[in-house]
Amino acid sequence: MVTPNAELAYNSKIEGEVVVSRLDSVVNWVRTNSMWPMPMGLACCAIELMGTASARFDIARFGAEVMRFSPRQSDCMIVAGTVTYKMASAVRRIYDQMAEPKWVIAMGACASSGGMYRSYATLQGVDRIIPVDVYVSGCPPRPEALLDALMKLQGKVRRERSATQLFSA
Amino acid sequence: MPATVAVTTLLQEKFPQVTPRASLDLEAVNVPPADVIAVLKALRDDHGFDMLVDLTAIDWAEGVSPRFTVVYHVFSTTHHGYIRVAANCANDELPAMPTAVGLWAGANWHEREAYDMFGIKFDGHPDLRRILMWDEYPHFPLRKEFPLAGIETPLPDPDVVAETGAKAIAAPMMGGPFVAATGEINLTEAEPRAKDESWSEVREKPKA
């Protein structure tokens with residue numbers, strides 16, 4: 001016995017439930033609102049990163065509250081702190097282990113440029129080893145500044161030709 | 001209770017080669033490098049100095065002999081006093097010192113740091129590797145001849161270097177060295193800063 005398909009006929013309700021959009025917008029909408037961070041906490045900026053994640057500033061409002069300590073599950077590396085030369089290759093390896101698409105926020109003066117550490121031991125800016133999307137000034141930056149960086153990054157992702165990249169790859 | 005007052009004298013009874021060392025704060029002694037472990041052991045077992053607080057080194061600059069001094073700060077948890085023990089390394093080119101790991105396990109990482117920063121070899125150390133810089137690093141950064149900005153050096157991981165082309169560079173000092181003016185009350189003015197910020201690594205300092 002086969003159940004007769006009652007939906008075979010034209011369903012007038014469907015038209016009201018369909019939204020037409022561009023694939024780019026849909027993909028970017030999904031990406032921007034669940035950007036899981038990889039908290040690369042290397043120094044005091046990581047404390048401010050924790051503050052950003054906590055109740056008062058609440059990074060969850062931007063869909064980025066799921067700090068993943070596994071690079072496989074994260075989309076956005078937040079380099080929070082001083083990157084020493086000894087740590088540099090570990091940072092690069094973790095970045096390499098993240099699945100595409102991936103973005104990087106350099107949080108604070110040290111991650112952006114080496115900051116006050118003009119010394120033999122400190123990498124002079126994490127952009128020497130990984131591509132950075134957003135730089136945040138401050139030592140450490142206020143949580144609002146990090147949230148602003150996240151919004152800036154979301155704005156950047158919204159403008160990406162992600163569908164084109166998906167199908168041309 | 002300033003129980004350390006007589007320690008130098010007591011030490012000298014057993015070790016006549018121990019001499020008092022000029023010091024503004026703690027009681028301090030100079031010890032020949034061959035006797036430093038015996039002296040530290042006597043301090044620990046006979047005089048109650050049971051805690052090694054710090055072990056570090058001094059580089060007196062190139063051309064000075066003796067060039068390297070290893071300094072031990074030892075504390076007594078029973079009579080709450082410190083004593084400083086200093087020993088000059090015999091060799092200025094390849095400085096060495098017997099290890100204190102046998103007396104205090106905590107000396108292990110202190111000696112690794114002194115080796116990492118000054119290149120002092122601690123004879124008998126169970127695991128004398130660099131502790132702060134990476135293993136292949138060719139310099140000893142706290143030696144006097146080493147520039148603060150560092151020396152251009154390749155990074156240790158060939159795969160990361162192949163991908164990024166990164167290397168340890170001499171850090172741009174932007175008109176440094178960074179200094180804080182002494183006696184400044186205005187914190188904005190007293191903040192450590194480069195003396196002359198009108199030039200950078202991009203724009204060269206104009207010739208005077």
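Per chain, numbering begins at 1; letters A, B, ... match sequence-line order. Note that the structure is a prediction, hence the values are computed from the model and not measured.
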Enquirer: Need one label for E163(B): side chain, backbone, both or neither, based on atoms under 4.5 Å from any heavy atom in chain A.
Expert: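 It is the side chain, since no backbone atom gets that close.
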Enquirer: With no hydrogens and no angle check, just 3.5 Å: does a side-chain donor-acceptor pair link R118(A) and Q124(A)?
Expert: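 Yes, because at least one side-chain N or O of R118(A) sits under 3.5 Å from a partner of the opposite role on Q124(A).
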Enquirer: What part of I169(B) lies closer than 4.5 angstrom to a heavy atom of chain A: side chain, backbone, both or neither?
Expert: both
Enquirer: Under a 4.5 Å heavy-atom cutoff, which of A166(B), A168(B), G150(B) has the most pairs with chain A?
Expert: A168(B)
Enquirer: Heavy-atom pairs under 4.5 Å with chain B - which of L123(A), I130(A), I129(A), T84(A) has more of them than the others?
Expert: I129(A)
Enquirer: Report yes or no: do N28(A) and R158(A) form a side-chain donor-acceptor pair below 3.5 Å?
Expert: no
Enquirer: Using a strict cut-off of less than 4.0 Å between a Lys/Arg side-chain nitrogen and an Asp/Glu carboxylate oxygen, indicate whether E145(B) and R67(B) qualify as a salt bridge.
Expert: yes
Enquirer: Is it the backbone or the side chain of R92(A) that comes under 4.5 Å from a heavy atom of chain B, or both, or neither?
Expert: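 Only the side chain of R92(A) comes within 4.5 Å of chain B.
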Enquirer: Would you confirm whether the ring centroid of F75(B) sits within less than 6.0 angstrom of the ring centroid of H73(B)?
Expert: no
Enquirer: Could you tell me if the ring centre of F49(B) sits under 6.0 Å from that of H79(B)?
Expert: yes
